[in-house]
Amino acid sequence: MTQRSVAIVGAGPAGLYLGMGLARRGDRVTIVDRDAGPDQDGGWTRKGVMQFLHPHYLRPQVRDALLAELPDVADALVEAGAVLTPGMSALPRPGWSGAADPTDLLGYRVRRSVFERVLRQTAADEPGVSFSVGAAREVAQAGGVVHGVVVGDTVLEADLVIDASGRSGRFTDDLRAPAEGTDSGIAYASRQYELLPGAEPGPFNSPPGWRGVLDGYFASIFYQDARTFQILYVRAAADKALAHLRDSEIFDKVSLSIPGLQDWISPDRAKPVLPAMSGAGLYDHYRRPVPAKGSASMAGILWLGDAVVTTNPAEGRGVTTALLQAQQLLAILDDHGSDYVAVSERFDHWCQDNMRPWVMDHIHRDTSLLARWRGEPIDLSQRLPSDLVCAVAEVEPSLIPAIDDYLDMRERPDVLDEAEPIARKRYQAGFRPKVSAGPTRDEVADMIERHLAVAG
Ligand SMILES: Cc1cc2nc3c(=O)[nH]c(=O)nc-3n(C[C@H](O)[C@H](O)[C@H](O)COP(=O)(O)OP(=O)(O)OC[C@H]3O[C@@H](n4cnc5c(N)ncnc54)[C@H](O)[C@@H]3O)c2cc1C
């Protein structure tokens, strides 16, 4: 096979994974990013990638993708402190201790910053990969054929250009169809802590750590590498009172009022290492990975990762969907070589069948979640959202196999099709999911109001 020259815009997980995969097949790869990577002293602000310091849970598909193409990265991650942990279907098991069962599918508990550093360092050491620091401005093309990408004032020549510029990448907008989907209406507030020497972690009830489904919001613990952990609040973006959780003092005060979190952050157990931070603009978006006018209109450009799919990150699907795409694209390029029209058509179909359903699933569940957080009753006149179907597992064990396949993303969301009418009957008969112990959204809002009144 002839050697391809490939320009990848975006040194995030999608771009780095694909770039290393192609270089290991003999291609010449240049990865363009406006971010120069970690400083000499190890600092890395990662401007423009707001999720860099927010909590992440990496599903088993991420580890599987690494083992398949980049086993050295899988080893380096564990050396860097990543902890192996089961998939999300471990969630309903009562009394789970937090320890990974080696027979399970295993993902990682690790800070996003550690994951990115390991990927970036391996790519920097990879023969066949070079980096170009700068902002990509446009795609260089002539007569419907792409021949590179314009970075600053220079054309970087390439026969294949991949736009892996993430959720906020804009430089190819004029070539693409608009996104399908909406703002999820969900926002984040998180804070990072570290266990004190000798202190044990707090209680676990889920693979990332602990998860509380409270009345009007979610609260979670992500236990990560190096004895660090993060608390995450997921709330309605329009909820102005809970937006104050970005204030570190308020964040800790609220956290100490929730039993599942209290034990993690009591002063004899942990200390905060970063201020509280917020995150919004979380979209449920699908954009086809090919030009708006179709694959045949322009050969040699494709989109990848968050540039194709973004979902409300509270379910931790983003790195999985990014690496599944990259793995698939490598396989398609293996089959079709430099026939980029054929590559585009196959990748487009695969994304349509395997990625778009996750976005549609999120749109339905996030819309329903926001309505419930506003106090509206569950709408039993239409299909239940997947989170409500999954909640029925506690009273309808026959549904667990399908629910586990959904939770672990082993099957597409339509694996819940047969379970949904059974689950809906349970709701019609009065079933409602359990709510974790802790203040309701209104009680948290009161707590915040009182705090602000005292603080003046
Ligand atoms: C708050 C939050 C929490 C999340 N939590 C999880 C989680 O727990 N688990 C999970 O699996 N996923 C999670 N995700 C999703 C995950 O972070 C993304 O899916 C993942 O980063 C996508 O990788 P990417 O390589 O496609 O894009 P990115 O990681 O966004 O990388 C894009 C890169 O492109 C560069 N770039 C952009 N434009 C240009 C340009 N014009 N020129 C040059 N460079 C450019 C940027 O600097 C960046 O380096 C979360 C996301 C958010 C927002």
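Start at 1 and go down the list; that is how both ligands and their atoms are numbered.
- In this structure, the protein non-hydrogen atom closest to atom 44 (N) of ligand 1 is R34 N, 3.3 Å.
- Ligand 1 lies less than 4.0 angstrom from a heavy atom belonging to M50.
- By the criterion of a heavy-atom distance under 4.0 Å, the backbone of P55, and not its side chain, is placed next to ligand 1.
- Between E249 and K253, no side-chain nitrogen of the basic residue sits less than 4.0 Å from a carboxylate oxygen of the acidic one, so the salt-bridge criterion is not met.
- Under 3.5 Å, the side chains of R372 and S368 contain a donor-acceptor pair of N or O atoms.
- In the candidate list A14, A36, A187, A14 is nearest to atom 24 (P) of ligand 1, counting heavy atoms.
- Closest heavy-atom approach to atom 16 (C) of ligand 1 within the set R112, M277, K47: this belongs to R112.
- Close N/O approach between A307 and ligand 1 is not found [any backbone or side-chain N/O within under 3.5 Å].
- Checked against a 6.0 Å centroid threshold, the rings of F347 and W303 do not count as neighbours.
- When only interatomic distances are considered, the shortest N/O to N/O separation between A136 and ligand 1 falls below 3.5 Å.
- Remark: ligand 1 and D35 share no N or O pair separated by less than 3.5 Å (distance only, no angle test).
- Ring centroids of Y108 and Y57 are separated by 6.0 Å or more, keeping the two rings apart.
- Atoms of ligand 1 found under 4.0 Å from any heavy atom of G134 (numbered from 1 in listed order, with element): 42 (N), 43 (C).
- Looking at R170 against ligand 1, nothing comes within 4.0 Å, counting heavy atoms.
- In this structure, atom 15 (C) of ligand 1 lies nearest to the protein heavy atom G318 CA, 3.7 Å.
- Using 4.0 Å as the threshold, G48 has no heavy atom nearer than that to any atom of ligand 1.
- In terms of polar-atom proximity, defined here as any N/O pair under 3.5 Å, H56 does make such a contact with ligand 1.
- Taking the charged nitrogens against the carboxylate oxygens, R374 and D239 have no contact shorter than 4.0 Å, which rules out a salt bridge.
- Heavy-atom proximity to Y188, at under 4.0 Å, picks out these atoms of ligand 1: 1 (C), 3 (C).
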Ring pair (Phe, Tyr, Trp, His ring centres under 6.0 Å) assessment of Y223 paired with W264: CA-CA 10 Å; Y223 186 43; W264 282 86; 5.6 Å; yes
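- Looking from atom 31 (O) of ligand 1 to the surrounding protein, the closest heavy atom is G12 CA, 3.5 Å.
- A salt bridge does not link D27 to R25: none of the charged side-chain nitrogens sits closer than 4.0 Å to a carboxylate oxygen.
- Among all non-hydrogen protein atoms, the one lying nearest atom 4 (C) of ligand 1 is P313 CB, 3.3 Å.
- Between E180 and R288 there is no salt bridge, since none of the side-chain N atoms of the basic residue sits less than 4.0 Å from a carboxylate O of the acidic one.
- Partner H54 forms a ring-ring contact (aromatic ring centres under 6.0 Å, His included) with one of Y188, Y233, F222 and no other, that one being Y188.
- Distances from ligand 1 to the non-hydrogen atoms of A135 include at least one value under 4.0 Å.
- Each of the following atoms of ligand 1 lies closer than 4.0 Å to a heavy atom of V319: 10 (C), 11 (O), 12 (N), 16 (C), 19 (O).
- Of all protein heavy atoms, the one lying nearest to atom 23 (O) of ligand 1 is P13 CD, 3.5 Å.
- Regarding atom 9 (N) of ligand 1, its nearest protein heavy-atom neighbour is Y57 O, 2.9 Å.
- A cation-pi geometry, defined here as NZ or CZ lying under 6.0 Å from the six-membered ring centre and within 45° of its normal, does not hold between R167 and Y283.
- We find that R111 and D225 are joined by a salt bridge, their nearest charged nitrogen and carboxylate oxygen being less than 4.0 Å apart.
- With respect to atom 47 (O) of ligand 1, the closest heavy atom belonging to the protein is D33 OD1, 2.8 Å.
- Counting heavy atoms under 4.0 Å from ligand 1, residue V151 does not touch it at all.
- Using a 4.0 Å cut-off between heavy atoms, V9 contacts ligand 1 through its side chain alone, with no backbone atom that close.
- The existence of a salt bridge linking R346 and D335 is confirmed by a sub-4.0 Å separation between a basic side-chain nitrogen and an acidic carboxylate oxygen.
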From CA spacing to verdict: side chain to side chain donor-acceptor pair (under 3.5 Å), W44, D35: CA-CA 9 Å; W44 200 11; D35 180 330; 3.0 Å; yes
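- A ring-centre distance under 6.0 Å is found for F229 and Y193.
- The CD atom of E200 sits 7.5 Å away from atom CZ of R227, with the distance rounded to the nearest 0.5 Å.
- Ion pairing of E69 with R24 is absent here, as no side-chain N (NZ or NE/NH1/NH2) approaches a carboxylate O to less than 4.0 Å.
- If you look at R46 next to ligand 1, the close heavy atoms, those under 4.0 Å, all belong to the side chain.
- Considering backbone and side-chain atoms together, D306 places an N or O closer than 3.5 Å to an N or O of ligand 1.
- Listed by atom number, the atoms of ligand 1 under 4.0 Å from R167 heavy atoms are 51 (C), 53 (C).
- Considering only non-hydrogen atoms, atom 28 (P) of ligand 1 lies nearest to G166 out of G316, G10, G166.
- The pair D252-R191 meets the salt-bridge criterion, with a side-chain N (NZ, NE, NH1 or NH2) lying under 4.0 Å from an Asp/Glu carboxylate O.
- The option with the heavy atom closest to atom 32 (C) of ligand 1, from among G305, S168, S220, S165, is S165.
- The shortest N/O to N/O separation between V49 and ligand 1 does not fall below 3.5 Å.
- Atom 52 (C) of ligand 1 has its closest protein heavy atom at Q51 CB, 3.2 Å.
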